[in-house]
Amino acid sequence: MKTTFKILVIAALYTGTTANAQVTTIDSIATSKVQHFNFDEMASETIGEGIKRKWFHGEKGQMTIFDLEEGAHIPWHQHPNEQITYIMSGKVKIKTLVDGKEEFVIVSGGEVIVFPENVPHEFWALEKTVDLDVHVPVREDWLSKELPDYLKKSE
């Protein structure tokens, strides 16, 4: 009986918090507002020759869609964020470090590559490409309106 009551209380708390568009842990220590975004309605910003992005961030991570024209180049850089890159369509050539050695990797539509924090990488779009990136934690260098130095090289 007590277990059933606890389940009902937890379910009621969960239902109440989702109805108010909030995410609440069971112990109510952390409460955050739910955010809802629509990439199709977001304006793209041009951040380099042949490079457009749309992005948003939550408290701990961010998501970006890059539209890369064939020949677009994102210069060699690194950051203290894990990066998960899913090539939605198209194809890129990436220079990165694999086992401590510089290597080139071709990543095509439907494929994913994961860069641990502080691992340098560089991208060339071999054809028109749509790239979905997730960074954790949020890229602090993107929070200002100023482009990071490495992206200024791609203009």
Side-chain angles (χ1 to χ4, degrees), residues 13-69 71-100 102-126 128-155:
L13 286 172
Y14 179 75
T15 303
T17 57
T18 56
N20 293 326
Q22 291 184 343
V23 175
T24 305
T25 62
I26 291 174
D27 61 6
S28 297
I29 291 173
T31 300
S32 302
K33 297 266 184 203
V34 170
Q35 300 178 69
H36 180 214
F37 300 94
N38 183 334
F39 271 125
D40 292 337
E41 294 175 358
M42 295 173 115
S44 290
E45 60 180 327
T46 299
I47 61 168
E49 188 174 328
I51 305 169
K52 292 183 179 181
R53 75 176 174 192
K54 300 177 185 181
W55 75 286
F56 64 88
H57 66 87
E59 290 181 38
K60 298 186 181 190
Q62 70 184 54
M63 185 176 280
T64 308
I65 289 185
F66 287 100
D67 287 305
L68 305 171
E69 295 298 324
H73 175 235
I74 299 175
W76 187 251
H77 67 284
Q78 67 187 54
H79 39 73
N81 317 77
E82 179 179 67
Q83 177 176 326
I84 301 169
T85 297
Y86 167 53
I87 301 301
M88 297 172 66
S89 63
K91 186 186 301 186
V92 293
K93 178 171 79 172
I94 300 171
K95 180 170 84 171
T96 190
L97 297 180
V98 177
D99 297 326
E102 283 186 13
E103 287 196 23
F104 289 93
V105 179
I106 303 296
V107 184
S108 299
E111 297 179 348
V112 175
I113 188 167
V114 178
F115 302 99
E117 60 188 29
N118 297 312
V119 171
H121 48 280
E122 182 170 11
F123 283 67
W124 291 268
L126 299 177
K128 186 173 176 53
T129 299
V130 179
D131 165 350
L132 175 69
D133 283 2
V134 175
H135 292 95
V136 177
V138 174
R139 293 276 309 261
E140 293 293 326
D141 59 336
W142 285 21
L143 293 177
S144 77
K145 294 291 183 187
E146 189 70 26
L147 286 176
D149 287 339
Y150 74 90
L151 282 173
K152 291 177 184 176
K153 296 175 189 171
S154 68
E155 295 181 301

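The structure displayed is predicted, hence computed values, not measured ones.
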Q: Please determine, by modelled atom types, if Thr85 and Asp133 share a side-chain donor-acceptor pair under 3.5 angstrom.
A: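 The criterion, which ignores hydrogens and geometry beyond distance, is satisfied for Asp133 and Thr85.
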Applying side-chain contact (heavy atoms from CB on, under 4.5 Å), name anything that partners [X], two or more places apart in sequence or on another chain.
{"X": "Glu69", "answer": "Lys128"}
{"X": "Asn38", "answer": "Asp40, Glu41"}
{"X": "Pro120", "answer": "Trp76, Gln78, Leu97"}

Q. Does the side-chain contact (heavy atoms from CB on, under 4.5 Å) test come out yes or no for Trp55 and Glu45, once each step is laid out?
A. CA-CA 9 Å; Trp55 75 286; Glu45 60 180 327; 3.4 Å; yes
Q: Take atom NZ of Lys91 as the centre, draw a 6.0 Å sphere, and report whether it contains more than 12 heavy atoms from other residues, nucleotides or ligands.
A: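 Not more than 12 within 6.0 Å, no.
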Any side-chain heavy-atom pair from [X] and [Y] closer than 4.5 angstrom?
{"X": "Leu68", "Y": "Lys52", "answer": "no"}
{"X": "Val138", "Y": "Lys60", "answer": "no"}
{"X": "Ser108", "Y": "Ile106", "answer": "yes"}
{"X": "Phe123", "Y": "Thr129", "answer": "no"}
{"X": "Phe66", "Y": "Ile51", "answer": "yes"}

Q.
Holding to ring pair (Phe, Tyr, Trp, His ring centres under 6.0 Å), I want the full list of residues that pass it with His121, two or more places apart in sequence or in another chain.
A.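 By the ring pair (Phe, Tyr, Trp, His ring centres under 6.0 Å) rule, His121 matches His77, His79, Phe115.
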Q) Who passes ring pair (Phe, Tyr, Trp, His ring centres under 6.0 Å) against Phe56, sequence neighbours left out? A) Phe37, Phe39
Q: Return each pair, listed once, that meets salt bridge (charged side-chain N to carboxylate O under 4.0 Å, His left out) where at least one residue sits in residues 114-124; pairs must be two or more places apart or across chains.
A: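 Salt bridge (charged side-chain N to carboxylate O under 4.0 Å, His left out) check on residues 114-124 returns Lys95-Glu122.
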What are the two closest heavy atoms between [X] and [Y], and how far apart are they?
{"X": "Gln35", "Y": "His57", "answer": "OE1-O, 3.4 Å"}
{"X": "Ser44", "Y": "Asp67", "answer": "OG-OD2, 4.4 Å"}
{"X": "Ala72", "Y": "Gly50", "answer": "CB-O, 3.5 Å"}
{"X": "Val112", "Y": "Val107", "answer": "N-CG1, 4.5 Å"}

Q: Take Glu82 and Val134 through the side-chain contact (heavy atoms from CB on, under 4.5 Å) test and state the conclusion after the steps.
A: CA-CA 8 Å; Glu82 179 179 67; Val134 175; over 6 Å; no
Q) Does the ring of Trp142 carry Arg53 above it, NZ/CZ under 6.0 angstrom from centre and within 45° of its axis? A) yes
Inter-residue atom distance [X].[atom1] - [Y].[atom2], 0.5 Å rounding:
{"X": "Asp141", "Y": "Asp149", "atom1": "CG", "atom2": "CG", "value": "10.0 Å"}
{"X": "Met88", "Y": "Glu111", "atom1": "CE", "atom2": "CD", "value": "14.5 Å"}
{"X": "Gln83", "Y": "Gln62", "atom1": "CD", "atom2": "CD", "value": "9.0 Å"}

Q | Audit row: Leu132, Ile87, side-chain contact (heavy atoms from CB on, under 4.5 Å) steps and yes/no | A | CA-CA 6 Å; Leu132 175 69; Ile87 301 301; over 6 Å; no
Q) Between Val92 and Trp124, is a side-chain contact (heavy atoms from CB on, under 4.5 Å) present by the stated rule, with each step listed? A) CA-CA 5 Å; Val92 293; Trp124 291 268; over 6 Å; no
Q) Do side-chain atoms of Ser144 reach the backbone of Glu146 as a donor and acceptor pair under 3.5 angstrom? A)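 Confirmed, Ser144 side chain pairs with Glu146 backbone.
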Q. Are the side chain of Asn81 and the backbone of Pro137 linked by a donor-acceptor contact shorter than 3.5 Å?
A. yes
